[in-house]
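Have a look at the structure below before the remarks.
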Number of protein chains: 2
Amino acid sequence: MNHTQLRPPTMADVARLAGVSHQTVSRVLGDHPNVRDETRARVQRAIEEMGYRRNSSARALVTRRTRTLGVVASNTTLYGPASTLFALEEAARTEGYVVSTVSLRRLTVETLSEALDHLSQGGVEGVIALAPQRSAVEALAELRQPFPVVAVGTGTGVEIPSVNVDQRLGARLATGHLLASGHRTVWHLAGPEDWQEAVDRVDGWRATLEEAGVEPPLPLGGDWSPLSGYRAGQELAGWVGRGLTAVFVANDQMALGVLRALREAGVRTPQDVAVVGFDDIPESEFFAPPLTTVRQDFATVGKRSIALLLDLIEGRPPSGTSRVAIEPQLVVRASTFPYVPQPGNAPG
Amino acid sequence: MNHTQLRPPTMADVARLAGVSHQTVSRVLGDHPNVRDETRARVQRAIEEMGYRRNSSARALVTRRTRTLGVVASNTTLYGPASTLFALEEAARTEGYVVSTVSLRRLTVETLSEALDHLSQGGVEGVIALAPQRSAVEALAELRQPFPVVAVGTGTGVEIPSVNVDQRLGARLATGHLLASGHRTVWHLAGPEDWQEAVDRVDGWRATLEEAGVEPPLPLGGDWSPLSGYRAGQELAGWVGRGLTAVFVANDQMALGVLRALREAGVRTPQDVAVVGFDDIPESEFFAPPLTTVRQDFATVGKRSIALLLDLIEGRPPSGTSRVAIEPQLVVRASTFPYVPQPGNAPG
DNA sequence: GAGGTCATTGTGAGCGCTAACAATTCCCGT
DNA sequence: ACGGGAATTGTTAGCGCTCACAATGACCTC
């Protein structure tokens, strides 16, 4: 392997071979205009020949730019965070930045603080925090860092610059869709209370019902996992025939658990109970039945977050607002066939 | 915000405040033993007071160690890659390394090469490549970089140091389980042919059947997506009653599609057809019916990969072999209730 | 009390690069 | 042929840190 060589060549080495000064090499590499074509070619040949690559540390030291961004996230194996992460990295790379990630198992003040330290040690110029728990956001506000931080998925009610999908709107779309299909009321299986997104979805659901003059039932609670959805689903099954005909579940994974519990209890979806999820994970379309859900545009979240962070790093006034909200979108599938309040209608 | 200040303090600034030389500050930070306690305390106070942090670029320049690793991956929103990524980052962080990731949409020679360049620009000391496509591995062998590269999920037949889950064994477990349950033969829905993992699973499936004296049916092909599984499932449904009683599907997502197609065709799982998947994604347990599948230990993959890469970076002889294979594990669920070749037995 | 050892602290050099400025060369009009 | 400006190239000085070594001082031994 080539990396066994003791010292990689330096700019001076290249310069010597090309018969120029190291500065001319630097100019060629930096696409500086005032270099003769012939010189440029000679330098380029020398670079090629030696397999030279600029030392990024030396460069960063003098330019004071590492061109590295950090991301702190948790639950990165879930569809939402993983998608956001992907979009963030792609957007950053387009702008010429490298992204260093820290994936936490749990998001607490300690782990967050350690993560920021770790990233700082990696020389990041700024950090995106995927911090959906409210406790984490508060911690973030405390932990003043020597670089700017943009929060994602924290809701708009925080002091920190943030980018969010409009969760309330998503919940309104879901709940409104069910009401419009003829359901008298809509139950809700919520996410953990310390997740801002979960709270916002509850808010949107509740507001929609209240505006329709319906008293919202007590929401159930889960932890986003299919298992918790399954447990809640068993409970919900007990309310069928007593006013329960539609459920808005706070994410698709829990909805999957709900669907299984209903099925096992002999409750048909959507004929007996309609179900709506949230996220539109790739599997949702193939659930039994295919799930109506709310799709979030993670690519846009990624782009906007990076744009905002770079504005902050460059000291520019943010090109948009520093509290971005992105619109989600309803995806209608078989789990919410238009509801007709008499039993016994067969689906296609 | 604090990061608006023009220049962060340097070691010399701290030294001045503490009344020592910059070298003493460096010693305190480096936990060098020969510093008087009182001096150490004074320095630490000064560091605190100024909010000083070492400049990582300057440090990296002189130590020639960036303590940064790179990861190239594609399809990072899928469960497998996302889990591996998570495990890699955690393992690297434990060893004091920062991880920079590049997530590609498609893995080709060009994108791979660009990714490695991008990471190199970020100053990585080594790279892990999650390169499951065979074409990518070949490209990797060509693209000699000035740093070591460890491949993950490429299969053991490559020149590059690599870490893998034993896919053949996984396929044997799945196929053997079906045969042991009384099925005469086992059909297979394979992944894309240019994925080494897909090929290995086909091999393991075929070998198991042949050892049992069974002529393997022609395998179907999919692209890992639920949709491709759905299409294949429709085709498979046509073979029910003509010798098809069991299917080994190369991943859980496709298995989900197969389950839906069978259900829609009026084929019952597992009474008419048993289905086994691969991956054990969190949703599998809640499919209709819960899916028997093969679990891969991504945490171990991550740890072993990082260990191997660090050995290579440090120039140590790898502590284990440089072609690691990790054992997967069968998880039995309701989609493969012990098969009895007469129809009509109801499940629990 | 001279000499030696050890712990502690300081000094100087240089990692590889870019930015600022200085020097040289080239080309043009006159 | 010659001055002047632009184009091209070179020189120098750090960026902030760690390493090697020098200097200082405290303490001990005989």
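Numbers restart at 1 for each chain; the letters A, B, ... are given by sequence-line order, proteins then strands.
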Next item on the list: Could you check A/Arg134 against A/Glu138 for salt bridge (charged side-chain N to carboxylate O under 4.0 Å, His left out), going step by step and ending with a plain yes or no?
Entry: CA-CA 6 Å; A/Arg134 292 149 97 195; A/Glu138 283 155 28; over 6 Å; no
From [atom1] of [X] over to [atom2] of [N], roughly how many Å is that when rounded to an integer?
X: B/Met11; N: D/dC15; atom1: CE; atom2: P; value: 15 Å
X: A/His32; N: C/dA19; atom1: NE2; atom2: P; value: 10 Å
X: A/Arg67; N: C/dT18; atom1: CZ; atom2: C1'; value: 15 Å
X: B/Arg42; N: C/dT8; atom1: CZ; atom2: P; value: 14 Å
X: A/Asp37; N: D/dT9; atom1: CG; atom2: P; value: 10 Å
X: B/Leu29; N: D/dG16; atom1: CG; atom2: C1'; value: 12 Å
X: B/Asn55; N: C/dC17; atom1: CG; atom2: P; value: 17 Å
X: A/Asp31; N: C/dA19; atom1: CG; atom2: P; value: 14 Å

How would you label the contact of [X] with the nucleic acid (heavy atoms, under 4.0 Å): base, sugar-phosphate, or nothing?
X: B/Thr39; result: sugar-phosphate
X: A/Thr10; result: sugar-phosphate
X: B/Asn34; result: base

Notebook entry, point to check: More than 12 non-hydrogen atoms from neighbouring residues, nucleotides or ligands closer than 6.0 Å to CZ on A/Arg65, yes or no?
Noted result: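 Check passes, neighbour count above 12.
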Item checked: B/Glu38, CD: over 12 other non-hydrogen atoms inside 6.0 angstrom ->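 Atom CD in B/Glu38 is packed in, count exceeds 12.
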Check: Which is it for A/Ser57 and B/Ser57 under the side-chain hydrogen bond (donor to acceptor under 3.5 Å, both in side chains) test, yes or no, and what are the steps along the way?
Finding: CA-CA 5 Å; A/Ser57 303; B/Ser57 303; over 6 Å; no
Please tell me which of the listed nucleotides, [options], lies nearest to the side chain of [X]?
X: A/Leu61; options: D/dC15, D/dC19, D/dT9; result: D/dC15
X: A/Arg54; options: C/dT11, C/dG14, C/dT18; result: C/dT18
X: B/Arg59; options: C/dT18, D/dC17, D/dG10; result: D/dC17

[X] side-chain N/O to [N] phosphate OP1/OP2 under 4.0 Å:
X: B/Thr24; N: C/dG10; value: yes
X: A/Ser26; N: C/dT18; value: yes
X: B/Tyr52; N: D/dG16; value: no

Notebook entry, point to check: When the nearest nucleotide of DNA chain C is assigned to B/Gly19 and to B/Ala58 on a heavy-atom basis, which residue is associated with the more 5' position?
Noted result: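 Whichever sits nearer the 5' end wins; that is B/Gly19.
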Next item on the list: Please say which of A/Arg53, A/Arg54, A/Arg93 ends up in a salt bridge (charged side-chain N to carboxylate O under 4.0 Å, His left out) with B/Asp117.
Entry: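 Between B/Asp117 and the candidates, salt bridge (charged side-chain N to carboxylate O under 4.0 Å, His left out) is satisfied uniquely by A/Arg53.
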Next item on the list: Please figure out whether A/Val35 or A/His22 has its closest DNA chain D nucleotide nearer the 5' end.
Entry: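 Nearer the 5' end of the strand: A/Val35.
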Margin query: Between the base of D/dG10 and the side chain of A/Arg27, is there a donor and acceptor pair under 3.5 angstrom?
Written below: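 In this structure, the two groups form a donor-acceptor pair.
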